[in-house]
Amino acid sequence: MDYRLRRQTGRAITLMMRGLVFAALSCSPAKRQQIDAVRIQGGSDAVLKIDLPIIRIHPEEFIAMQVSLVNASSHDLWVNGRLLLNREDYMPAVRDFWLIMEGPDGKDVPLTCYKNAKFVSDSDYRILKPGESVTRVEILNDCYSVHSIGRYRVVAFYQDENAHPPLAPASAEHLKKLLQSEVATFTIATQP
């Protein structure tokens, strides 16, 4: 498939996913449980998790978010373990995961920096055994404008779209599919 067509298709899927994610955010708790049940029944070889240990914080505090790619299968997976954060519309060779963040006003909070934007290399790939995970910690304040008072919603996505990944070992399956985390929230408060 032509790179441009593939990239446009990827963007269209991402935009569709974004719509579904934020539609799910606004539905009732019962409806959210139905959505989660369908997602879980579909099964997955891997799970993408977001951990925000501090839920209520002050504008001057750091917001540390942990992103983990977990092998939930019974077999080895070949993954891009670099977990480089970048914009969703960036070239696949310089981003491994991206976030969609919704601010208190309901609008997207865009990524405003470009950290470590280097091309993926063969050494970034690794085998993820069943139950193992690869984890990365991101300080959200470094790349997102999260100064407004109120509640923020965050969803992470992972997909290895590298056009020329190293060949997976015979014992492992290359994880290429799009993964989406559950929605995580944090609140910026004015008072302790």
Side-chain angles (χ1 to χ4, degrees), residues 1-21 24 35-53 64-101 111 113-140 143 154-184:
M1 183 184 304
D2 176 65
Y3 175 74
R4 233 179 292 156
L5 178 62
R6 187 169 173 217
R7 190 168 177 196
Q8 289 172 347
T9 303
R11 283 184 187 161
I13 290 170
T14 299
L15 289 173
M16 181 180 70
M17 291 293 290
R18 176 182 285 187
L20 291 173
V21 166
I35 291 168
D36 289 343
V38 169
R39 191 183 63 76
I40 291 165
Q41 287 172 2
S44 179
D45 290 338
V47 177
L48 191 64
K49 294 182 179 180
I50 296 179
D51 226 357
L52 285 164
M65 180 190 73
Q66 180 174 299
V67 176
S68 300
L69 178 60
V70 182
N71 183 349
S73 75
S74 59
H75 57 278
D76 292 349
L77 294 176
W78 186 242
V79 300
N80 181 347
R82 175 177 69 161
L83 292 183
L84 177 65
L85 171 66
N86 218 325
R87 293 168 33 135
E88 64 187 292
D89 60 349
Y90 241 54
M91 294 184 309
V94 292
R95 70 116 170 90
D96 308 322
F97 86 94
W98 62 97
L99 301 176
I100 295 177
M101 186 182 305
L111 181 77
C113 71
Y114 302 95
K115 307 186 316 183
N116 304 321
K118 64 175 183 122
F119 285 95
V120 65
S121 70
D122 290 359
S123 65
D124 293 321
Y125 284 82
R126 59 167 285 185
I127 290 178
L128 205 58
K129 298 219 171 272
E132 284 186 342
S133 63
V134 178
T135 300
R136 181 175 181 103
V137 174
E138 289 289 336
I139 305 298
L140 294 180
C143 291
V154 185
V155 178
F157 295 87
Y158 167 91
Q159 187 170 28
D160 183 15
E161 295 180 289
N162 182 7
H164 306 288
L167 190 59
S171 65
E173 177 188 343
H174 185 189
L175 180 64
K176 296 180 185 180
K177 68 180 170 182
L178 178 66
L179 297 178
Q180 173 189 326
S181 73
E182 297 290 329
V183 176

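Being a predicted model, the structure only gives us computed values, none of them experimental.
Val47 approaches Ala72 most closely through the heavy-atom pair CG2-CB, 3.8 Å. Ile50 and Ser181 get closest at one heavy-atom pair: CD1-OG, 3.2 Å. Heavy-atom minimum distance, Ser133 versus Arg126: O-NH1, 4.4 Å. A pairwise comparison of heavy atoms in Val155 and Gln180 identifies CG1-CG, 3.6 Å as the closest pair. Taking every heavy atom of both residues into account, Ser73 and Pro130 meet most closely at O-CB, 3.3 Å.
No donor-acceptor pair closer than 3.5 Å links the side chain of Ser68 to the backbone N or O of Val70. Listed for the Asn86 side chain is a donor-acceptor partner under 3.5 Å among the backbone atoms of Val94. A donor-acceptor distance shorter than 3.5 angstrom exists from the side chain of Gln159 to the backbone of Lys176, with no hydrogens or angles considered.
Side-chain contact between Arg136 and Asp96: absent, with no pair of heavy atoms (C-beta onward) separated by less than 4.5 Å. Contact of the Leu167 side chain with the Trp78 side chain is not registered, since no non-hydrogen atoms from C-beta on lie closer than 4.5 Å. Side-chain atoms of Val79 and Asp160, non-hydrogen and from C-beta on, never get closer than 4.5 Å to each other. Looking only at side-chain heavy atoms (C-beta outward), Val120 and Asn80 come within less than 4.5 Å of each other. Using a 4.5 Å heavy-atom threshold, the side chains of Leu99 and Leu111 count as separate.
Atom OG of Ser171 sits about 6.0 Å away from atom NZ of Lys129, to the nearest 0.5 Å. Here the CG-OH distance, from Asn162 to Tyr125, works out to 3.5 Å after rounding to the nearest 0.5 Å. Atom CG in Asp124 sits 10.0 Å away from atom CG in Leu83 (nearest 0.5 Å). If you take CG on Leu179 and CG on Leu48, they are separated by 6.0 Å, rounding to the nearest 0.5 Å. Rounding to the nearest 0.5 Å places CG of Leu85 at 7.0 Å from SG of Cys113. Distance check: Asp76 CG to Glu173 CD gives 10.5 Å after rounding to the nearest 0.5 Å.
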Could you walk me through whether Leu69 and Phe97 pass the side-chain contact (heavy atoms from CB on, under 4.5 Å) check? CA-CA 10 Å; Leu69 178 60; Phe97 86 94; over 6 Å; no

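Note: Phe157 and Trp98 have parallel aromatic rings, judged against thresholds of 30 and 60 degrees for the angle between ring planes.
Between Glu161 and Arg95 there is a salt bridge, with a side-chain nitrogen of the basic residue lying less than 4.0 Å from a carboxylate oxygen of the acidic one.
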